Amino acid sequence: MNNPAGPNTRSSIVADYLIKYPLRYCTPVYIGLLKATDQRMSASGTALLLQIGERRFLVTDDHVLATYECERAGNSEVSFQIGAAPFDPFSRLIDRNKQKDLCVFDASELNLDDRAHSEENMPPLEFYRVEADAWPPPIVKQGESIIWAGYPGKFRNQNGFDVVSASLSFAAAPVTGVLPDYFTCNLDRTTWTTRFGPDDPNLKLMNWGGMSGGPVFVDGPTTLRPQLAGFIMEHSPAIDQLKMSHAALIRSDGTILKGTLF
């Protein structure tokens with residue numbers, strides 16, 4: 001976990017748990033030449049491990065898959081990798097939607113590699129489970145507190161064949177806008193507190209590349225199991241705003257709603 005920023009309205013134990021909560025369900029996505037003889041990382045993202053009933057899915061942004069398509073068009077040896085495990089996205093693709101910026105893959109045979117989660121204080125990697133009759137989740141409301149996580153490329157480094165991504169998450173940020181396809185969060189960095197004080201690089205991070213596809217959870221005031229609400233689409237540095245798609249756009253069979261939610 002890299003320099004988490006978190007709520008100061010809970011006990012330190014509960015706050016620390018909530019900050020790390022999304023990390024147990026997300027994994028980095030790497031795109032590039034990942035052979036032992038040639039390693040060149042060209043892009044990265046984040047994906048959620050989601051289980052609805054008995055079906056297991058991998059969810060990320062459509063623009064992450066589109067980046068892979070573009071890179072592979074120029075070089076057929078470019079790889080798409082989930083954590084440290086190679087993954088063929090097109091043979092496992094269930095649905096994708098450019099407008100919603102979502103894509104869903106079949107993860108029934110996904111080989112989970114827990115290497116990125118084996119570091120100290122990192123929760124074990126697992127699927128976020130929800131019963132089929134409890135899906136889709138409620139749409140977030142303006143003013144609700146959300147928690148999100150992902151793997152920003154700014155904190156990624158590559159040493160030989162191994163890629164190391166430091167994770168990043170912020171907690172208790174309020175939803176500032178709710179639209180049919182997405183919701184937004186305007187960031188107020190003056191309220192952020194971290195373990196490493198005013199020089200913490202997270203406080204100044206404006207390039208959020210690699211966070212795309214990261215899960216967003218609603219932080220309920222009375223529960224220790226925050227509910228999945230959406231996925232990070234993009235960060236706009238000019239206005240310091242985070243834009244996130246609704247998780248409810250995904251149906252229980254993994255297909256993506258073509259219309260609007262409301």
Side-chain angles (χ1 to χ4, degrees), residues 2 23 25-50 56-119 125 127 148-168 205-215 231-237 243-245 250 254-256:
N2 186 58
L23 296 171
Y25 306 118
C26 65
T27 181
V29 177
Y30 299 128
I31 298 168
L33 295 174
L34 305 172
K35 300 187 299 182
T37 56
D38 191 359
Q39 301 97 34
R40 279 177 283 164
M41 192 66 56
S42 56
S44 64
T46 303
L48 171 75
L49 300 169
L50 173 63
R56 290 186 166 187
F57 306 107
L58 184 77
V59 184
T60 191
D61 287 346
D62 183 73
H63 76 259
V64 174
L65 182 60
T67 298
Y68 170 67
E69 284 183 294
C70 183
E71 293 286 337
R72 192 168 176 83
N75 187 338
S76 61
E77 295 187 341
V78 169
S79 297
F80 188 95
Q81 188 166 295
I82 303 300
F87 186 86
D88 181 2
F90 293 110
S91 68
R92 304 184 190 185
L93 181 65
I94 295 175
D95 200 3
R96 65 185 298 188
N97 188 301
K98 181 179 180 180
Q99 178 185 352
K100 317 293 187 186
D101 200 12
L102 286 169
C103 59
V104 183
F105 306 97
D106 176 11
S108 57
E109 298 181 3
L110 179 65
N111 178 26
L112 294 181
D113 188 298
D114 208 25
R115 191 177 307 173
H117 283 240
S118 62
E119 300 175 5
L125 189 62
F127 281 82
W148 63 88
Y151 293 88
K154 184 70 174 180
F155 297 138
R156 184 189 67 220
N157 62 76
Q158 186 164 352
N159 182 11
F161 186 65
D162 292 326
V163 179
V164 178
S165 278
S167 61
L168 174 70
L205 180 67
M206 299 301 287
N207 178 5
W208 285 29
M211 293 283 283
S212 295
F231 304 90
I232 296 172
M233 298 172 70
E234 64 182 20
H235 173 252
S236 300
K243 182 177 177 181
M244 297 151 282
S245 58
I250 300 173
T255 58
I256 301 167

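Quick caveat, the model's predicted, so the values are computed rather than measured.
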Looking at [atom1] of [X] and [atom2] of [Y], how far apart are the two atoms once the value is rounded to the nearest 0.5 Å?
{"X": "T67", "Y": "D62", "atom1": "OG1", "atom2": "CG", "value": "9.5 Å"}
{"X": "C103", "Y": "D95", "atom1": "SG", "atom2": "CG", "value": "9.5 Å"}
{"X": "M244", "Y": "M233", "atom1": "CE", "atom2": "CE", "value": "10.0 Å"}
{"X": "F87", "Y": "E109", "atom1": "CZ", "atom2": "CD", "value": "10.0 Å"}
{"X": "D61", "Y": "S245", "atom1": "CG", "atom2": "OG", "value": "6.0 Å"}
{"X": "R96", "Y": "T255", "atom1": "CZ", "atom2": "OG1", "value": "15.5 Å"}

What I'd like to find out is whether the side chain of [X] reaches to under 4.5 Å of the side chain of [Y], using heavy atoms alone.
{"X": "S236", "Y": "E234", "answer": "yes"}
{"X": "T27", "Y": "T46", "answer": "no"}
{"X": "I31", "Y": "V64", "answer": "yes"}

Query raised in the report: Are D106 and R92 close enough for a salt bridge, meaning some N to O gap below 4.0 Å?
Result: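 No, D106 and R92 are not salt-bridged.
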Of all the heavy-atom pairs spanning [X] and [Y], show the shortest one and how long it is.
{"X": "P215", "Y": "L48", "answer": "CB-CD1, 3.8 Å"}
{"X": "I232", "Y": "A149", "answer": "CD1-O, 4.1 Å"}
{"X": "S212", "Y": "T60", "answer": "O-OG1, 3.9 Å"}
{"X": "C26", "Y": "Y151", "answer": "O-OH, 3.4 Å"}
{"X": "V29", "Y": "A47", "answer": "CG2-CB, 3.7 Å"}
{"X": "F90", "Y": "Y68", "answer": "CE1-CE2, 3.6 Å"}

Requested in this report: From the options L58, L65, V104, select the one residue that forms a side-chain contact (heavy atoms from CB on, under 4.5 Å) with L93.
Outcome: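 Among L58, L65, V104, the one that satisfies the side-chain contact (heavy atoms from CB on, under 4.5 Å) with L93 is L65.
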Requested in this report: Evaluate the criterion side chain to side chain contact (heavy atoms under 4.5 Å, CB included) for residue pair R56 and L49; output intermediate values, then yes/no.
Outcome: CA-CA 7 Å; R56 290 186 166 187; L49 300 169; over 6 Å; no
Query raised in the report: Okay, side chain of D101, backbone of H63: is any donor-acceptor separation there less than 3.5 Å?
Result: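 A pair under 3.5 Å: yes.
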Requested in this report: Please find out if less than 6.0 Å separates the ring center of F80 from that of Y30.
Outcome: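 No, too far apart.
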